[in-house]
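Reading through the structure tokens given below for one structure.
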Amino acid sequence: MAKHILRELLESDIPAVAELERLCNPMPWNAIDLTRFASHSGDSHDSGSQPVGRVAVLADTHEVIGYVCANLVGSEAEILVLGVAPEHRRQGVGESLLIDLRTVLEPLGCYVLFLEVRESNTPAIALYSNVGFEEIGLRKGYYADTGEGAKMMKWNG
Ligand SMILES: CC(C)(COP(=O)(O)OP(=O)(O)OC[C@H]1O[C@@H](n2cnc3c(N)ncnc32)[C@H](O)[C@@H]1OP(=O)(O)O)[C@@H](O)C(=O)NCCC(=O)NCCS
């Protein structure tokens, strides 16, 4: 496996992540979505007193090969997008992104992670279960493109 490092998302990474999203996600975030996400990084508070923020971790060899983006609200976070380049899959990159995300979130006081995943997405469900996510429910008809349901999953620290 090509050795990868894990690091924060930089603005200069956005075209590469948008290209990976196109390969990974049936309803991909484009560069505008990613710029909007990144421009809120480091927000410290919402209208109440909850700390909020955006956290993204990238796997990088000499090019970006994987990414995960999460929203943080108080002590909870939600994974918004996650993907690994097709030619780098089944080499532990997805798992290392999730573990590193936890390492970034914990010092921010965030110990609970949520996500939604397509019912048919066997690889992602296997990955999430493998690192300790548990199914907590089903949202029927959640995905606008196919009408497929979403499994809701939770990772408790
Ligand atoms: C899901 C995804 C991120 C997995 O990334 P990855 O780097 O291949 O995952 P890893 O190599 O870290 O896999 C860790 C474990 O997850 C499980 N897993 C991952 N891919 C799997 C597959 N295709 N089939 C079955 N189990 C799989 C296995 O248990 C694996 O451990 P093992 O290889 O020792 O058996 C990748 O397939 C992907 O980018 N898919 C498209 C985007 C996507 O579905 N994102 C999630 C949206 S919610």
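The figures here come from the full heavy-atom set of this structure, side chains too, leaving out hydrogens, waters and symmetry mates. Because the structure is a prediction, the values reported are computed rather than measured. Read the numbers this way: they start at 1 and go in the same order the structure lists the ligands and their atoms.
- Side-chain contact check for S96 and H4: at least one donor-acceptor pair (N or O, by modelled atom type) lies under 3.5 Å.
- Protein residues lining ligand 1, listed by chain and number: C24, L82, G83, V84, R89, R90, Q91, G92, V93, G94, E95, E116, V117, N121, P123, A124, A126, L127, Y128, N130 [non-hydrogen atoms, distance under 4.0 Å].
- Annotation: salt bridge (Lys or Arg N to Asp or Glu O under 4.0 Å) contacts involving residues 76-105, sequence neighbours excluded, comprise R102-E106.
- Partners of E134 according to the side chain to side chain contact (heavy atoms under 4.5 Å, CB included) rule, which considers only residues two or more places apart in sequence or in another chain, do not exist here.
- The pair D60-K3 does not count as a salt bridge, with every side-chain nitrogen at least 4.0 angstrom from each carboxylate oxygen.
- Of the charged side-chain nitrogens involved, none lies within less than 4.0 Å of a carboxylate oxygen, so that K151 and E116 do not count as a salt-bridged pair.
- Looking at residues two or more places apart in sequence or on another chain, you find a ring pair (Phe, Tyr, Trp, His ring centres under 6.0 Å) between Y128 and F133.
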